[in-house]
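Only a predicted model underlies this, so the values are computations on that prediction, with no experimental measurement involved. A, B, ... follow the sequence lines: proteins, then strands. Residue 1 opens every chain. Side chains are part of it too, since the values below use all heavy atoms of this structure and drop only hydrogens, waters and symmetry mates.
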There are 2 protein chains.
Amino acid sequence: MERQRRIPEATVARLPVYLRTLLDVQADGVTTISSERLAELAGVNAAKVRKDLSYLGSFGTRGVGYDVDHLLVQMSRELGLTRDWPVAIVGVGNLGAALANYGGFGDRGFPVAALIDADPTKVGTIFGGHTIRHLDDLPALVDELGIAIGIIATPAVGAQEVADRLVAAGVKSILNFAPAVVTVPEQATLRKVDLALELQVLSFYGQRDSIGLALREELGVAAAAKNSGA
Amino acid sequence: MERQRRIPEATVARLPVYLRTLLDVQADGVTTISSERLAELAGVNAAKVRKDLSYLGSFGTRGVGYDVDHLLVQMSRELGLTRDWPVAIVGVGNLGAALANYGGFGDRGFPVAALIDADPTKVGTIFGGHTIRHLDDLPALVDELGIAIGIIATPAVGAQEVADRLVAAGVKSILNFAPAVVTVPEQATLRKVDLALELQVLSFYGQRDSIGLALREELGVAAAAKNSGA
DNA sequence: CCGACCTTGTTCTCTTGTTCACAAAGTGCC
DNA sequence: GGCACTTTGTGAACAAGAGAACAAGGTCGG
Ligand SMILES: NC(=O)c1ccc[n+]([C@@H]2O[C@H](COP(=O)([O-])OP(=O)(O)OC[C@H]3O[C@@H](n4cnc5c(N)ncnc54)[C@H](O)[C@@H]3O)[C@@H](O)[C@H]2O)c1
Ligand SMILES: NC(=O)c1ccc[n+]([C@@H]2O[C@H](COP(=O)([O-])OP(=O)(O)OC[C@H]3O[C@@H](n4cnc5c(N)ncnc54)[C@H](O)[C@@H]3O)[C@@H](O)[C@H]2O)c1
């Protein structure tokens with residue numbers, strides 16, 4: 001009779017999308033929303049929305065839909081957004097600086113609490129209201145500021161070491177922007193954002209479409225014959 | 001006897017990781033690599049590597065492994081990396097500027113060919129070697145420069161419109177950084193990078209782990225009581 | 001030239017995720 | 001109060017992906 005609290009990974013990744021959508025409609029004064037409408041706005045299938053929401057043990061009202069406010073509360077609770085998650089950005093270069101300047105994080109419960117670099121000429125300088133600290137100060141910063149999430153914005157070479165240090169300092173959640181394979185022990189969670197990967201995937205599909213077009217033009221009868229075989 | 005050229009999405013997303021790994025080992029002078037070793041370096045399962053590579057129709061040599069150079073050629077061809085894919089960055093703000101400054105794109109076949117903004121005070125100014133052009137110039141730029149990929153780095157509000165314009169101008173591949181649901185017609189491909197989503201997913205697992213710890217420590221009856229209270 | 005050894009390519013099974021379809025449940029009109 | 005209508009929640013079918021296991025194929029030492 002165990003609690004069925006196990007939320008599938010795929011669902012977890014969609015909850016933030018629903019959350020944002022709900023905040024949008026809430027701002028427009030909408031108080032109730034159907035799975036159909038939410039699905040449309042979130043760009044997914046309605047059945048998927050209902051199933052996803054059902055994992056929250058969420059109570060929609062049949063014949064009516066879901067109460068937007070209530071859904072937002074449930075969802076925030078489930079995602080752990082009832083508290084702040086102080087973020088440390090490691091590597092204040094091009095990208096790290098842009099992230100540090102970005103206001104969108106603090107707004108949503110992810111305040112940038114520390115900037116960290118290894119370059120002695122950067123350490124000690126002030127950027128975006130924060131004094132840049134040295135990587136060696138990490139454990140102290142985690143203690144002091146309760147850093148919960150580390151963002152790696154260093155070159156690929158340093159990424160694994162930074163991750164190791166973050167984990168050693170007690171940071172269990174890491175977001176990696178460096179184009180490198182980084183591994184963390186099981187008790188930690190690592191997610192990656194890989195620009196080059198995204199572009200290469202786009203080029204794959206871009207290319208395939210071009211080929212597809214050419215094929216579609218030239219193939220004609222042969223194509224049908226070929227496909228029917230399958 | 002149909003060509004089994006349909007590569008699964010999940011595989012496509014891993015090919016860039018293999019590619020990068022192979023480039024790394026190639027730089028170290030390695031000429032042959034086993035699926036086992038490649039898997040280790042790429043952080044995946046060896047069987048998965050073999051299956052993925054088999055979609056390339058790739059010829060490994062049993063008893064030996066894969067020829068690194070050959071694999072790189074095949075993989076680049078499959079991913080469409082034998083040509084350049086000129087990129088246009090739309091929205092030269094915080095993030096757009098960082099992306100424009102980043103050297104890592106041009107290196108790998110994705111030269112930044114155009115910077116685009118809608119802000120009249122930015123249009124005409126020079127940034128990182130490019131004159132910032134107006135969104136209205138998009139069709140001309142696509143013709144002139146052969147823009148193949150559009151990167152959306154505008155605020156969320158403008159994202160869908162920018163996407164529509166990109167598609168209308170003939171850009172079939174789009175990478176969206178704005179936290180908004182953007183849809184494109186079927187002939188186009190859109191991928192998104194969603195920072196807030198990544199952080200929220202991290203907070204979900206971060207929270208769950210803390211709870212998990214508490215549960216593991218106290219388990220049994222007490223835990224149930226505690227949860228019911230929350 | 002042969003046999004021990006290694007590594008691939010692929011088949012099969014299991015798990016995870018998606019979608020459909022429909023009964024159950026509630027609303028609000030009349 | 002009853003009935004037609006809406007929308008949820010979920011069971012079941014289907015699709016995609018992961019991983020284990022192993023036969024087939026090839027290498028290389030002797
Ligand atoms: N800039 C972009 O738009 C962009 C886009 C995609 C990916 N990336 C990736 O993000 C990462 C950062 O890119 P960038 O352009 O900001 O690079 P950058 O060279 O401008 O900045 C890197 C910063 O990290 C610091 N650093 C280096 N090693 C460190 C270490 N071990 N510990 C702490 N700090 C360290 C450096 O001092 C520097 O300040 C790179 O891996 C890059 O591939 C950047
Ligand atoms: N900066 C970051 O680190 C960061 C991180 C995550 C996500 N994002 C997202 O990336 C997007 C850009 O962020 P930013 O910090 O660079 O914002 P920004 O406000 O600094 O820059 C936005 C730029 O887009 C331009 N713009 C606005 N509407 C436009 C339109 N319709 N067409 C063309 N250009 C237009 C503006 O003139 C401005 O130059 C936002 O959606 C943000 O949420 C940014």
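- The CG atom of B:Leu38 sits 12 Å away from the P atom of C:dG9 (whole-angstrom rounding).
- The minimum heavy-atom distance linking B:Ala163 with B:Ile174 is given by the pair O-CD1, 3.9 Å.
- One atom, CZ of B:Arg6, and another, P of D:dA15, lie 13 Å apart when rounded to the nearest Å.
- B:Asp52 places its CG atom 10 Å from the P atom of D:dG17, with the value rounded to the nearest Å.
- Screening A:Ile152, A:Val90, A:Asp194, A:Leu95 against A:Phe177 for a side-chain contact (heavy atoms from CB on, under 4.5 Å) leaves a single residue, A:Leu95.
- Between A:Gln200 and B:Pro16 the shortest heavy-atom distance is OE1-CB, 3.0 Å.
- Distance B:Tyr55 OH to C:dT10 C1': 10 Å, rounded to the nearest Å.
- Contact check, B:Ser54 against C:dG9: no side-chain N or O comes under 4.0 Å of OP1 or OP2.
- The nearest whole Å value for the distance from the CD1 atom in A:Ile33 to the C1' atom in D:dT8 is 14 Å.
- Distance CD (A:Glu40) to P (D:dT7): 13 Å, rounded to an integer number of Å.
- When only modelled atom types and interatomic distance are considered, A:Thr82 and A:Arg77 share no side-chain donor-acceptor pair under 3.5 Å.
- Using a 4.0 Å cut-off, some side-chain N or O of B:Tyr66 falls inside it from OP1 or OP2 of C:dG9.
- Here the nucleotide nearest the side chain of B:Pro8, chosen from D:dT8, D:dG17, C:dT18, is D:dG17.
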Reading nucleotides 20-30 of chain D from 5' to 3' and marking B where a protein heavy atom lies under 4.0 Å of the base, S where only the sugar-phosphate is that close, and - otherwise, the string is BB--BBSS---
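- Checking side-chain atoms of B:Arg50 against main-chain N and O of B:Ser35 turns up no donor-acceptor pair under 3.5 Å.
- Residues A:Gly91 and A:Thr154 share a closest heavy-atom pair of CA-CG2, 3.9 Å.
- Scanning both residues, B:Asn45 and B:Ala39, for their nearest heavy atoms gives C-CB, 3.8 Å.
- In this structure, A:Arg14 reaches the sugar-phosphate backbone alone: every heavy-atom distance under 4.0 Å involves primed, P, OP1 or OP2 atoms, never a base.
- Contact between the side-chain N/O atoms of B:Ser34 and the OP1/OP2 oxygens of C:dT7 is not found at any separation under 4.0 Å.
- When the P atom of C:dT18 is taken as reference, atom CD of A:Glu9 falls 11 Å away, rounded to whole Å.
- Here D:dT10 presents its P atom at 12 Å from CG of A:Leu56, a figure rounded to the nearest Å.
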